[in-house]
Amino acid sequence: MYPIQVAVATYLFICIISSIVAQVPQRFTAQNPCTSKSTCQECIQTPSCAWCYDPEFSGSARCFQPSFPIAPKDQCKEEFVFNPDNTMSVISNLELSKAHSKAGSGGYHWGVGYEGSWNNTESWGSHIYQQGQSGGGGGGGGGQIVQVAPQRLKLQLRARQSFSIYMSYTQAEDYPVDLYYLMDLSRSMLDDKEKLSSLGDQLAQTMQNITSNFTLGFGSFVDKVVMPYVSTLPEKLQRPCDVCVAPYGFHHHLSLSTNTYMFSRMVKQANVSGNLDAPEGGFDAIMQAVVCRNNIGWRERARRLLVFSTDASFHYAGDGKLGGIVKPNDGHCHLSNEGYYSESSYQDYPSIEQINLAVKKNSINVIFAVTGSTIGIYEQLAKHVEGASVAKLEKDSSNIVDLIKEQYEQISSVVEMKHNASSAVSIRFFTKCLNSTGALVNTNKCANIKVGDVINFKIDIEVLNCPKLRKDRTQTIKIYPVGINESLIMDLEMLCGCDCEQPGDRYYLENAPACHHHGTYKCGICECNPGAFGRHCECNADEINKLSFNKTLGCIKPNSTTGQECSGRGTCICGRCECESRGTLENIYGDYCECDNFSCERHMGELCSGETHGICDCGVCNCKPGWTGPNCACEASTAGCYAPDIIGGEICSGHGTCVCGACQCENTKESRYSGKFCEACPTCPDRCLEFRDCVQCQQYHTGPLKEPDVCSANCTNVPVPIAVDTVEAIEENNEYLCHYTDEDHCQFTYVYYYDIERKLHIRAQEERTCPPEVFVLGIVFGVIAAIVLIGMAILLLWKLLTTIHDRREFARFEKERMMAKWDTGENPIYKQATSTFKNPTYAGKG
Ligand SMILES: *[C@@H]1O[C@H](CO)[C@@H](O)[C@H](O)[C@H]1NC(C)=O
Ligand SMILES: *[C@@H]1O[C@H](CO)[C@@H](O)[C@H](O)[C@H]1NC(C)=O
Ligand SMILES: *[C@@H]1O[C@H](CO)[C@@H](O)[C@H](O)[C@H]1NC(C)=O
Ligand SMILES: *[C@@H]1O[C@H](CO)[C@@H](O)[C@H](O)[C@H]1NC(C)=O
Ligand SMILES: *[C@@H]1O[C@H](CO)[C@@H](O)[C@H](O)[C@H]1NC(C)=O
Ligand SMILES: *[C@@H]1O[C@H](CO)[C@@H](O)[C@H](O)[C@H]1NC(C)=O
Ligand SMILES: *[C@@H]1O[C@H](CO)[C@@H](O)[C@H](O)[C@H]1NC(C)=O
Ligand SMILES: *[C@@H]1O[C@H](CO)[C@@H](O)[C@H](O)[C@H]1NC(C)=O
Ligand SMILES: *[C@@H]1O[C@H](CO)[C@@H](O)[C@H](O)[C@H]1NC(C)=O
Ligand SMILES: *[C@@H]1O[C@H](CO)[C@@H](O)[C@H](O)[C@H]1NC(C)=O
Ligand SMILES: *[C@@H]1O[C@H](CO)[C@@H](O)[C@H](O)[C@H]1NC(C)=O
């Protein structure tokens, strides 16, 4: 590693360490959230904090963390510690009903196993889990079927401290079932009605096979008797169709009863009616069937099923306006003596949310038994109604018995826990469902439950924040399985305040002598009446006003950003701050307690680099002579800011300021200085020229100073270069590469740099690179000769190529001539232009 790198790394390391160390005190206070709480109430609302209401207490903070070690001076006498804990007491815990064999017993009796109420958490917890094994002829309180245990708890919980309770659910055998059949009796349902009346007995039998305690009821609906839902022509009002009776909104035919024979009869007797538009007024009917508890005959302890069968969609809130009905649905029961919905023509349809609320409040499971064409709408609707389900009904309702049986089994095989706690309380359910070996899962739902199975829930309850109003600090929370009117009621009291802050307590006294009769003594501290102040209300506004002195004026630092009294670290007494004491090592002082001697900058973990360097005073390090800097870590001397090789040189080469013993270089637009002494400036002339002559004379014995004595005389500040084969500048060492050509046309290169001790070093090329002597004339003639030779060679080549080409052409011509097929003799049509005439008489000369 290079020395400068080491220095940089060390510096960075120191910086990181000191910044970490400087944060330690803040983190420490963050770990103890109690001490900053000034009232009992605030203290108790902070988890794990306790309040000391000892009137004689003299420690620094009344709000403390009991689990943390406390200085003896700050310790609170045990009898005065207010640290309420989460508590639970069981008010009602009837044993769960047990499944038992039906064999040989015609009737059903429930053993009286009343356990009484008890308040021991542990034995209760184990009891819950053991009761599955304990034998016996069945529990149940007072002959009642019990599916949820415990039934009532009283809890006292601190804010933000989670508390777990345990709850069990079982599906009791022979649990009573109420089934109300709500049927659309518009004309299209005629065949359904007939089918249902014939299946009535079968339905009753099937259900009685599931539970012996079964009741069945029947109601029907058409729509509001108002245009445009129903034709209001007088004759249509009487008989909308041939087989129809006058239309009506909702008609309750048969209250829930065990007399299932009546069901078939009532269905048979019911008459279909007619309406105009496609959607029906089913919502009116659901609302009435749900809220008219007494008329319908819903039992308190029973699984309540409302089967809603239709082949059409529904009208909902707002649709009533079409018929001129603007009064919203009030969600109350309005049944006439004859069982008709009397407000049908006066109130609008209920909204989906109104239906949901009513269904939820009455623990009813709605089963939408609808034909295929409308199933999609009802599936959407069911999502918004608690405990609702949808099943496909055949066109003529022939599958109604299986449908109800299946739906019932599906509904009863699932348990889903719900609660009605406000947002201030978080409730989370954990259960293994039926898997006793599995892990607890964060869910409120278990499926595939059979009669007799016990599901245990662990319920984590946490008060998230304390409500402002006292009355909101007690809540009744209901935890219930969906669709069953059984629940665990928790009376929750949030431990958000202190008794000693309430009138009537021993440690609550209005106009107390301890508060100079000007304040209320609460939990060991004074709360002063308006106009009085001071720790013991010893100050009076009138008096202070006379002094033209004002409470806040005296204790809040002018122009402070937080506006805290005594900077939050002291008590304002008569317009003057009394700063808190923090033991012997830490001292808080100043008119507004704004000063201390422990929050100054640190270096290597030491406040102001240790006592030998400086003293911390009000957030600032007061450095001892010889030291400077925000944490007194810097030497005051500027010796380190001079380049050592220049005698009488300027501080930081004149291009910077000396800060903490090191140069801080100036940066202007034209030049940016860098380097240890701001000697480097890539954009400015470097020092190469300065050293050139000395390097030349020392290394190569050439140059203007080549005489040895002149060289030694003029180059005392320049170190003798180190000879190297090749010179390369190492960037990270801030080395400068210099390159020159001397009078002999020789080139030489060298680098200069400063080491960690600010010493100049030069590395120079061992020998100059001189150009060899050259014969210029030879080169000239050589070049000319070469050009001529190349030209001739090209000419020859050209000649050669053309000759070869010609020869080839000629040879080809010859070949073609030989191969020609035509007669080479005379052309018959061709007459020669010349004719030869032979004179027969001519016999030549001879
Ligand atoms: C606890 O139970 C005992 C008797 O079982 C009763 O005397 C006591 O008052 C109960 N305590 C609470 C807090 O319910
Ligand atoms: C009642 O249950 C028994 C046995 O579980 C079965 O054989 C019988 O068919 C059922 N009766 C009806 C009407 O479903
Ligand atoms: C159905 O109509 C018949 C004859 O029209 C009537 O006797 C009977 O009372 C009607 N049923 C109901 C429930 O109104
Ligand atoms: C049916 O259940 C009700 C409670 O919902 C109960 O009062 C009644 O005694 C039960 N009847 C039989 C025969 O078990
Ligand atoms: C649920 O049962 C309780 C008694 O256990 C009863 O007071 C309440 O009215 C019932 N609620 C409904 C909606 O039936
Ligand atoms: C929860 O339900 C119970 C019982 O119905 C009721 O008394 C309580 O006020 C409800 N709590 C809240 C927070 O709504
Ligand atoms: C029960 O839980 C364990 C562990 O999560 C798992 O391996 C096992 O398959 C589960 N058993 C059943 C019946 O779900
Ligand atoms: C005290 O002084 C503060 C700041 O100057 C001012 O806002 C406040 O109204 C004064 N209070 C009284 C009671 O004069
Ligand atoms: C407070 O702030 C005002 C304006 O910002 C300034 O004029 C005044 O001098 C400040 N006072 C002190 C004590 O700093
Ligand atoms: C802070 O001041 C107190 C009391 O004057 C002194 O005992 C303590 O040593 C000081 N702490 C530091 C770090 O200087
Ligand atoms: C070298 O030094 C001598 C005396 O120390 C001085 O007279 C002379 O000018 C110097 N030469 C150069 C080139 O600086």
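When a ligand or atom number is given, it counts from 1 through the structure's own listing order.
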Taking only non-hydrogen atoms of R299 and a 4.0 Å limit, the atoms of ligand 4 in range are 1 (C), 2 (O)
K361 heavy atoms within 4.0 Å reach ligand 5 at atoms 13 (C)
- Query: Has R265 got more than 12 heavy atoms of other residues, nucleotides or ligands less than 6.0 Å from its CZ?
  - Reply: no
Self-check item: Polar contact flag for N362 and ligand 5 (N/O pairs, less than 3.5 Å)
Solution: no
**Study point:** Distance SG-SG for C621, C608 less than 2.5 Å
**Key:** yes
Given the options Y181, Y340, Y341, Y180, H252 meets ring-ring contact (aromatic ring centres under 6.0 Å, His included) only with Y180
Subject >> Plane angle bin for F314 and F283 - parallel if under 30°, tilted between 30 and 60°, otherwise perpendicular >> reply: parallel
Any protein N/O atoms within less than 3.5 Å of an N/O atom in ligand 10? List the atom names and distances, or say none.
from, atom 1, to, atom 2, distance (Å)
ligand 10, 2 (O), N597, ND2, 2.1
ligand 10, 7 (O), T584, O, 2.7
ligand 10, 11 (N), L585, O, 3.0
ligand 10, 11 (N), N597, ND2, 3.0

The reported gap from CD in Q347 to NE2 in H334 (rounded to nearest 0.5 angstrom) is 4.5 Å
Between Q410 and S389: side-chain donor-acceptor atoms closer than 3.5 Å: no
Next item on the list: Please state whether K360 comes within less than 4.0 angstrom of ligand 5, counting heavy atoms only.
Entry: no
Notebook entry, point to check: Hey, does V267 have a side-chain heavy atom less than 4.5 Å from the side chain of F218?
Noted result: yes
- Do any nitrogen or oxygen atoms of N485 lie less than 3.5 angstrom from nitrogen or oxygen atoms of ligand 5? yes
Value for OG (S97) from OH (Y175), rounded to nearest 0.5 Å, stands at 8.5 Å
Taking only non-hydrogen atoms of R301 and a 4.0 Å limit, the atoms of ligand 4 in range are 4 (C), 5 (O)
Distance col, row H603:NE2 vs C634:SG, nearest 0.5 angstrom, shows 8.0 Å
P176 heavy atoms within 4.0 Å reach ligand 4 at atoms 2 (O), 5 (O)
Review point. Between F368 and F308, is the ring centre distance below 6.0 Å?
Key: yes
So for R304 against ligand 5, with non-hydrogen atoms under 4.0 Å, the contacting part is side chain
